[in-house]
Amino acid sequence: MPKIHTEARAIGHAECLVIGGGVIGSSIAYHVAKEGRSTIMLERLIPGEGASGAAVGMLAAESEEFTDSELARFARISRDAFPELVCDLERLSGISVEFRTEGFVTPFRTETEGQKRWKAAKTREDDCPIWWDAKELARRIPGLDEQAIGAIYRSKETQVAPVQLCRAYAGAAAVLGATVWSGTQAEQLVIQNGRVCGVRTDSGFFSCDQVIIAGGLDSMKLLAQVGFEYPLYPVKGEAVAVSLKDHPLEYTIYADDIYLVPKQNNELWIGATSLPHQYDEEVTVGGLEGLLARASAWLPRVREASFIRTWAGLRPQAASGHPFIGTVPGVEGVYAAVGHYRNGVLLSDATGRALAAMLNGAGAAELGISRFSSELLKEESL
Ligand SMILES: Cc1cc2nc3c(=O)[nH]c(=O)nc-3n(C[C@H](O)[C@H](O)[C@H](O)COP(=O)(O)OP(=O)(O)OC[C@H]3O[C@@H](n4cnc5c(N)ncnc54)[C@H](O)[C@@H]3O)c2cc1C
């Protein structure tokens with residue numbers, strides 16, 4: 001006989017329970033609470049300690065050059081919402097997310113590659129790239145590799161400090177009435193008569209009407225409990241921060257082989273390696289060597305920079321190649337937002353908004369994300 005959990009025995013109740021306090025779960029908690037729905041977010045560590053804490057924070061909606069048109073559109077919507085989002089989050093939470101708007105530069109060393117990519121960039125709907133020739137590039141970014149023949153400049157690309165973003169989402173959600181349970185691990189979804197009624201955790205039982213699974217890589221275990229297989233695997237990424245002292249970089253350099261992202265206090269974040277199926281979070285000497293060699297090839301003064309720190313994280317990649325956002329088939333009241341791979345920070349706002357709209361009855365097609373939902377899975381299995 002399964003245990004019957006009643007609200008009276010629960011240590012907490014909310015209409016909506018969000019599992020995971022990464023950038024995705026925190027954004028969902030914020031947007032759901034903003035809609036006036038009672039919300040609890042469960043995080044086994046503290047918000048921003050998972051993959052989100054390893055991110056560099058680029059909102060690279062154009063520079064990523066997405067080939068999937070639905071993902072490209074979703075990414076642009078998310079990036080373009082940030083100026084207003086940042087104002088709201090900073091006002092509510094009192095946390096600065098270090099939003100920067102100088103734009104991203106993708107430099108090239110050969111005319112053939114530069115012209116090919118520039119032609120493609122110009123044809124993308126809604127993008128407004130600008131071509132900088134070698135002279136303009138040298139003027140804009142003094143000290144860049146002299147072999148650079150030109151670059152695509154994308155003025156609308158922006159960036160944030162990802163841990164602060166997570167904490168600002170969570171803080172703003174709390175101000176709007178949500179409760180954040182840090183240090184609480186969700187262990188078992190509790191289902192009665194085909195619908196979810198709560199979650200058993202290491203702190204006790206929480207009752208709810210809806211559950212949203214946003215546990216990054218570890219979401220698979222919870223999804224499997226309701227019979228939903230959505231394979232995810234890690235893509236390890238290593239990064240390093242250095243200080244350029246008196247010669248800060250103004251623009252983010254988003255080259256094909258490396259990115260250099262200027263942060264506060266003259267920090268420069270350099271990333272990242274891409275190692276599929278590696279589960280450890282160690283930084284290897286080889287990884288670091290490669291990052292610094294590629295970075296100093298583009299910006300030789302990196303060699304004179306002082307070392308600050310290095311870190312690694314595991315990007316949650318879906319075997320399907322795209323995130324899953326929406327209702328989980330088979331059990332009523334269960335939703336998921338998983339598999340954001342290398343773009344979770346970028347897609348966080350649009351994902352949070354989409355889930356909040358879905359709880360209010362919106363369908364994936366109406367939101368323009370049927371490609372990421374169970375509607376598509378049904379079609380694929382036909
Ligand atoms: C080096 C590197 C650089 C990156 N740079 C960028 C970038 O510039 N821009 C960008 O958009 N993206 C970037 N990313 C990708 C980005 O970090 C991820 O896409 C994003 O963090 C995924 O967020 P998430 O909330 O899904 O997962 P996570 O951040 O991993 O959050 C999941 C959370 O759920 C919690 N959790 C899991 N299971 C449970 C449970 N059972 N109970 C309670 N809590 C649970 C975990 O503790 C964790 O905090 C980068 C990633 C790396 C590694």
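The basis for the numbers below is simple: all heavy atoms, side chains too, and nothing from hydrogens, waters or symmetry mates. Numbers for residues simply follow the sequence, beginning at 1. Predicted model only: the values in this text are computed from it and were never measured.
The pair Arg342-Glu64 meets the salt-bridge criterion, with a side-chain N (NZ, NE, NH1 or NH2) lying under 4.0 Å from an Asp/Glu carboxylate O. Using a 4.0 Å cut-off between charged side-chain N and carboxylate O, Arg309 and Glu267 make a salt bridge. The pair Arg117-Glu113 meets the salt-bridge criterion, since a charged nitrogen lies less than 4.0 angstrom from a carboxylate oxygen. Under 4.0 Å is where a charged nitrogen must lie from a carboxylate oxygen, and between Glu102 and Arg100 at least one such pair does. Looking at Arg79 and Glu62, a side-chain N of the basic residue comes within less than 4.0 Å of a carboxylate O on the acidic one, giving a salt bridge.
For the pair Glu70 and Ile369, the minimum side-chain heavy-atom distance is below 4.5 Å. Arg353 has its side chain out of reach of Ser78: every pair of non-hydrogen atoms, C-beta onward, lies at least 4.5 Å apart. Contact check for Pro107 versus Asp145: no side-chain heavy atoms found under the 4.5 Å cut-off. Residues Leu244 and Leu299 meet the side-chain proximity criterion, which asks for heavy atoms closer than 4.5 Å. Considering only heavy atoms from C-beta on, Ser26 comes within 4.5 Å of Met41 through its side chain. In this structure, the side chains of Arg371 and Ser69 stay at 4.5 Å or more apart for every pair of heavy atoms. Side-chain contact between Asp202 and Arg44 is absent, with no heavy atoms from C-beta onward closer than 4.5 Å. Counting heavy atoms from C-beta outward, Phe104 and Val261 have side chains that stay 4.5 Å or more apart.
When all heavy atoms are compared, the tightest approach of Ala134 to Ala148 is CB-O, 3.8 Å. Summarising the geometry of Ala318 relative to His322, their closest heavy-atom pair is CB-O, 3.4 Å, with the distance given to 0.1 Å. Scanning both residues, Val240 and Trp311, for their nearest heavy atoms gives C-CZ3, 4.0 Å. In this structure, Cys166 and Val23 approach most closely via the heavy-atom pair SG-N, 3.3 Å. Closest approach of Ile95 and Glu90 over heavy atoms only: O-CG, 3.2 Å. Taking both residues in full, the closest heavy atoms of Leu291 and Gly271 are given as CD2-C, 3.9 Å, listed atom of the first, atom of the second, then distance.
In this structure a side-chain-to-backbone donor-acceptor pair under 3.5 Å is missing from Gln264 to Glu98. Judged by distance alone, the side chain of Arg167 and the main-chain N or O of Pro47 form a donor-acceptor pair under 3.5 Å. The closest donor-acceptor contact from the side chain of Glu43 to the backbone of Leu45 lies under 3.5 Å. For the pair Ser373 (side chain) and Ser370 (backbone), a donor-acceptor distance under 3.5 Å is present. One N or O on the side chain of Gln225 and one on the backbone of Glu187 form a donor-acceptor pair closer than 3.5 Å. In terms of modelled atom types and a separation under 3.5 Å, the side chain of Lys263 and the main chain of Val160 share a donor-acceptor contact. A donor-acceptor contact shorter than 3.5 Å links the side chain of Asp68 to the backbone of Leu71.
In the hydrophobic clustering of ILVMFWY residues, with side-chain heavy atoms under 4.5 Å counting as a link, Leu189 and Leu217 come out together. With hydrophobic clusters built from ILVMFWY side chains whose heavy atoms lie under 4.5 angstrom apart, Leu232 does not share a cluster with Val235. By the rule that hydrophobic residues join a cluster once side-chain heavy atoms approach within less than 4.5 Å of another member, Val338 and Val196 end up as members of one cluster. Hydrophobic clustering (ILVMFWY, side-chain heavy atoms < 4.5 Å, transitive): Ile46 and Leu89 are in distinct clusters. Note on Val211 and Met220: same hydrophobic cluster, where clusters join Ile, Leu, Val, Met, Phe, Trp and Tyr whose side-chain heavy atoms are under 4.5 Å apart, directly or indirectly.
One distance of note links OG of Ser243 with CG of Asn266; it measures 5.5 Å at 0.5 Å rounding. For the atom pair Ile11 CD1 and Thr184 OG1, the distance stands at 7.0 Å (nearest 0.5 Å). Between the CD atom of Gln210 and the OG1 atom of Thr327 there is a distance of 11.5 Å, given to the nearest 0.5 Å. A distance of 6.5 Å separates CG of Leu347 from CD1 of Ile24, quoted to the nearest 0.5 Å. Between atom CD of residue Glu15 and atom SG of residue Cys208 there is a gap of 10.5 Å, rounded to the nearest 0.5 Å. Between atom CG of residue Asn265 and atom NZ of residue Lys245 there is a gap of 15.0 Å, rounded to the nearest 0.5 Å.
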- Task: Show the numbers, then the answer: is there a side-chain contact (heavy atoms from CB on, under 4.5 Å) between Ile270 and Arg294?
- Result: CA-CA 9 Å; Ile270 298 168; Arg294 292 194 292 278; over 6 Å; no

- Query: Does the side chain to side chain donor-acceptor pair (under 3.5 Å) test come out yes or no for Thr39 and Tyr30, once each step is laid out?
  - Reply: CA-CA 9 Å; Thr39 308; Tyr30 166 67; over 6 Å; no

- Item | Worked check of side-chain contact (heavy atoms from CB on, under 4.5 Å) between Ile253 and Leu144 | CA-CA 10 Å; Ile253 297 179; Leu144 194 74; 3.6 Å; yes

- Tell me, with the steps shown, if His31 and Asp349 meet side-chain contact (heavy atoms from CB on, under 4.5 Å). CA-CA 8 Å; His31 283 291; Asp349 180 72; 2.9 Å; yes

- Go through the steps to decide whether Trp298 and Arg109 satisfy the test side-chain contact (heavy atoms from CB on, under 4.5 Å), and finish with yes or no. CA-CA 10 Å; Trp298 278 115; Arg109 288 194 179 97; 3.4 Å; yes

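Using a 30° and 60° split on the angle between ring planes, Trp181 and Phe206 fall in the perpendicular class, above 60°. The aromatic rings of Tyr259 and Tyr254 sit parallel, their planes meeting at an angle under 30°, below the 60° perpendicular limit.
Between Phe66 and Phe74, a ring centre-to-centre spacing not shorter than 6.0 Å is recorded.
Other members of the cluster containing Trp131 are Phe108, Trp118, Ile149, Ile152, with ILVMFWY side chains joined at under 4.5 Å, either directly or via other members.
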